[in-house]
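For the numbers below, each heavy atom of this structure counts, side chains included, while hydrogens, waters and symmetry mates do not.
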Amino acid sequence: MKMNVDADIATAAIFAFPAEKQIGLIRRTVDVLDSKNGERSFGEPYLRRTADTMARRMAAAGIDGNTIVREVAAFRKAVEDESIRRFLDKIGMRRAK
């Protein structure tokens, strides 16, 4: 009896966890950026390394390039949004949602 080998192969779709939902990583990144004596340019290499690591992990998991670019951009935006939120909280200017 001949078996169909192709029938035994399972396939699965791989989805990236939404970058803007990785709150712990976002907050930790902003903490590092803020700890660089107010000089964001000193924290930029950390942000770049974090985003590069995220991209490499997604690529290794089989996520397509367009999704990786989109997720890294969403992560960077979420970091910027968190930084702005903290600044507005600090000066008492944040509005309630």
Side-chain angles (χ1 to χ4, degrees):
M1 183 178 351
K2 190 173 184 179
M3 261 180 43
N4 184 354
V5 176
D6 292 334
D8 294 336
I9 298 173
T11 60
I14 299 172
F15 297 96
F17 185 79
E20 68 271 9
K21 302 296 183 191
Q22 296 186 33
I23 303 302
L25 180 59
I26 291 163
R27 289 181 178 161
R28 188 168 43 255
T29 301
V30 174
D31 288 343
V32 170
L33 293 174
D34 287 348
S35 72
K36 299 297 180 180
N37 297 324
E39 290 289 330
R40 284 295 291 253
S41 61
F42 291 123
E44 185 64 29
Y46 177 80
L47 177 58
R48 194 171 27 257
R49 279 192 314 272
T50 303
D52 288 347
T53 299
M54 179 185 293
R56 280 194 306 275
R57 286 180 180 163
M58 285 189 281
I63 305 295
D64 69 277
N66 290 334
T67 301
I68 293 171
V69 168
R70 214 172 30 252
E71 290 301 317
V72 169
F75 171 73
R76 285 179 159 269
K77 182 183 180 318
V79 167
E80 189 64 32
D81 289 349
E82 175 66 11
S83 184
I84 291 168
R85 184 196 65 77
R86 288 183 185 190
F87 174 73
L88 293 176
D89 278 351
K90 186 177 181 179
I91 65 171
M93 296 290 294
R94 190 168 134 215
R95 295 181 185 167
K97 288 186 178 181

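Separation of atoms OG1 (T29) and CD (E80) is listed at 12.0 Å; rounding is to 0.5 Å. Once rounded to the nearest 0.5 Å, the distance linking CZ of R56 with CZ of R49 reads 10.5 Å. Annotation: the span from I26 atom CD1 to T50 atom OG1 amounts to 11.5 Å, rounded to 0.5 Å. Within the model, atoms CG of D31 and OH of Y46 stand 9.0 Å from one another, a figure rounded to the nearest 0.5 Å. The distance from atom CD of E20 to atom NZ of K77, rounded to the nearest 0.5 Å, is 9.0 Å. Distance CD/E44 to CG/L33: 7.5 Å, rounded to 0.5 Å.
D34 places none of its side-chain heavy atoms less than 4.5 Å from the side chain of F87. In this structure, M58 and D64 have side chains that are not in contact, with every pair of non-hydrogen atoms separated by 4.5 Å or more.
The residues R76 and E82 are annotated as not salt-bridged, no charged nitrogen and carboxylate oxygen being separated by less than 4.0 angstrom. In summary, R85 and D89 engage in a salt bridge, as defined by a charged side-chain N under 4.0 Å from a carboxylate O.
Side chains of R86 and S83: no donor on one and acceptor on the other come within 3.5 Å.
Minimum interatomic distance between I68 and A55 (heavy atoms only, all atoms of both residues): CG2-CB, 3.7 Å. Shown here for M54 and A19, the closest heavy-atom pair between the two residues is SD-CB, 4.2 Å.
I23 and V79 fall into different hydrophobic clusters, where Ile, Leu, Val, Met, Phe, Trp and Tyr residues are linked whenever their side-chain heavy atoms come under 4.5 Å apart, directly or through other members.
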